[in-house]
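Counting starts at 1 for both ligands and their atoms, following the listed order. Heads up: numbering here begins at 1 and tracks the sequence.
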Amino acid sequence: MENEAKKKVLSCIQPSGMLTLGNYLGALKNWKNMQEEFDCTFAVADLHAITVRQEPAKLRSQIYSTYALMLALGLDPEESTLFIQSHVPAHSQLSWLLSCYTQFGEMSRMTQFKDKSAKHADNVNVGLFSYPVLMAADILLYKPDFVPVGADQKQHLEIARDIAERFNGIYGDVFTVPDPYIPKIGARVMSLQDPTKKMSKSDENLNAWVAILDTPDDIMRKFKRAVTDSEAKVCIGEEKHGINNLIGIYSAITGKTSDEITAEFEGKGYGDFKLAVGEAVAEELRPIREKYDCIIKDKAALEALYREGAEKAGYVARKTLNKAMKKVGFVL
Ligand code: TYM
């Protein structure tokens with residue numbers, strides 16, 4: 001009964017490699033914070049991962065580890081629905097349906113498609129192109145009110161809203177049109193080596209990104225080497241991309257405003273500031289890594305949880321899928 005009154009939240013994360021501090025501050029930290037107030041559904045978006053070529057054994061282990069990390073973050077399978085996307089076939093099924101209500105032109109405008117197809121010019125596959133339709137299906141199946149994501153997913157969310165509105169416009173009220181939930185601070189964590197670029201796990205420079213599972217020593221080393229500027233004043237500035245990014249990270253973790261941070265480091269150099277940011281990050285992530293190390297050892301327990309999660313998710317997803325299919329005219 002209690003859940004019926006709560007607003008709904010859905011989000012997913014790809015199991016592609018080590019998850020980063022960007023994933024954490026842009027999305028995962030909010031997932032945890034939203035868990036009590038909302039009826040939450042979170043998934044490992046494994047189907048999305050194969051738009052770029054994956055090594056099978058590595059993909060398998062990353063799916064496990066991403067699910068384990070969701071648990072280590074404090075997402076509670078009793079309270080929220082935690083599952084693996086490919087275990088619920090309704091995602092692929094609705095994706096096909098929705099692709100017939102999505103225009104080629106709108107997909108061509110997606111900036112992530114343009115970036116990724118430039119980066120993987122030898123494998124510009126149809127899945128990479130229609131990826132936002134699958135993402136729309138992920139979302140619309142669960143009728144969420146909010147979708148917590150980092151700023152880079154905003155365009156994909158807008159297309160999901162457009163598709164929902166278009167479908168509802170033809171067939172009546174089938175989908176909920178969700179609102180993005182993008183944090184004010186931490187929505188776009190930048191590379192520590194080139195702070196004009198988004199922090200990304202696919203960055204070949206390992207000092208550019210912090211993994212959620214990095215050791216405190218690694219974290220400290222990466223922050224000590226973070227690129228800054230020559231002004232030596234800890235404050236927000238138009239051309240101070242590196243310091244702006246570090247202030248954003250420190251603020252997202254400590255809850256301090258940028259003015260409070262400037263005051264705290266008045267008269268101190270960048271060295272002290274970088275150490276403080278590194279320590280704050282290391283302390284924030286330490287309990288997650290410790291919990292993860294325990295959880296990942298028990299594959300049987302993990303399996304029981306993701307199977308149960310898929311059952312819960314599948315029940316909800318099938319209901320929405322069936323409704324959409326019936327409206328279109330399929331015989332059920
Ligand atoms: P993915 O797996 O790339 O990233 C997962 C979440 O982390 C956020 N994020 C960041 N936030 C701040 N700074 C960064 N540097 C940073 N890097 C990543 C992302 O915005 C995202 O919220 N297509 C999605 C996964 C997905 C999904 C969905 C999300 C599939 N289906 C349905 C929401 C709803 C993706 O590739 O995220």
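Put simply, part of I139 is less than 4.0 Å from ligand 1, judged by heavy atoms. Residue contacts with ligand 1: A43 is excluded, as none of its non-hydrogen atoms falls under 4.0 Å.
Nearest to atom 14 (C) of ligand 1 among the protein's heavy atoms is G22 CA, 3.6 Å. For atom 37 (O) of ligand 1, the nearest non-hydrogen atom of the protein is Q153 NE2, 3.7 Å. The nearest heavy-atom contact from the protein to atom 20 (O) of ligand 1 is D152 OD1, 2.4 Å. Given atom 23 (N) of ligand 1, the protein heavy atom at minimum distance is Y131 OH, 2.4 Å.
Residue G186 has at least one heavy-atom neighbour below 4.0 Å for each of these atoms of ligand 1: 12 (C). With ligand atoms numbered from 1 in the order given, ligand 1 contributes 30 (C) to contacts under 4.0 Å with heavy atoms of A45.
Hydrophobic clustering (side-chain heavy atoms under 4.5 Å, transitive across Ile, Leu, Val, Met, Phe, Trp, Tyr) groups I139 together with V88. The hydrophobic cluster containing L47 does not contain I163, counting ILVMFWY residues as joined when their side-chain heavy atoms lie under 4.5 angstrom apart, directly or transitively.
By heavy-atom distance, the residue among P180, C12, A27 lying nearest atom 27 (C) of ligand 1 is C12. When L134, N23, I182 are checked for heavy-atom proximity to atom 17 (N) of ligand 1, N23 turns out nearest. In this structure, of V44, I13, L10, V189, the residue bringing a heavy atom nearest to atom 13 (N) of ligand 1 is V189.
Backbone and side-chain nitrogen or oxygen atoms of D138 are examined, and one is located within less than 3.5 angstrom of a nitrogen or oxygen of ligand 1. Every N/O-N/O distance between M135 and ligand 1 stays at or above 3.5 Å. For ligand 1, none of its N or O atoms has an N or O atom of K198 under 3.5 Å away.
Contact annotation: for M190 versus ligand 1, there are no heavy atoms closer than 4.0 Å. Heavy atoms from both the backbone and the side chain of Q14 come within less than 4.0 Å of ligand 1. In V147, the part holding a heavy atom less than 4.0 Å from any atom of ligand 1 is the side chain. Residue contacts with ligand 1, taken as heavy atom pairs separated by less than 4.0 Å, involve V149 via backbone and side-chain atoms alike. Residue-level proximity to ligand 1 for A187 is carried by the backbone, the only part with a heavy atom below 4.0 angstrom.
Taking the centre of each ring, F104 and F129 come in below the 6.0 Å mark.
Looking at heavy atoms from C-beta onward, V227 lies out of side-chain contact with D194 at the 4.5 angstrom threshold. Inter-residue side-chain proximity for L128 and F113 is flagged as met; some heavy-atom pair is nearer than 4.5 Å. The shortest side-chain heavy-atom distance between I13 and F42 does not fall under the 4.5 Å cut-off.
Using a 4.0 Å cut-off between a side-chain N of Lys or Arg and a carboxylate O of Asp or Glu, E158 and R161 do not qualify as a salt bridge.
In this structure, K268 forms a cation-pi arrangement with F265, its terminal cationic atom sitting closer than 6.0 Å to the ring centre and no more than 45° off the ring axis. Cation-pi geometry between K8 and Y142 is not met: the NZ or CZ atom fails to fall both under 6.0 Å from the ring centre and inside 45° of the normal.
Remark: F83 CZ to D46 CG distance equals 9.5 Å, nearest 0.5 Å. Between the CG atom in L19 and the CG atom in L73 there is a gap of 8.5 Å [rounded to 0.5 Å].
Note: Y131 and H48 have perpendicular aromatic rings, judged against thresholds of 30 and 60 degrees for the angle between ring planes.
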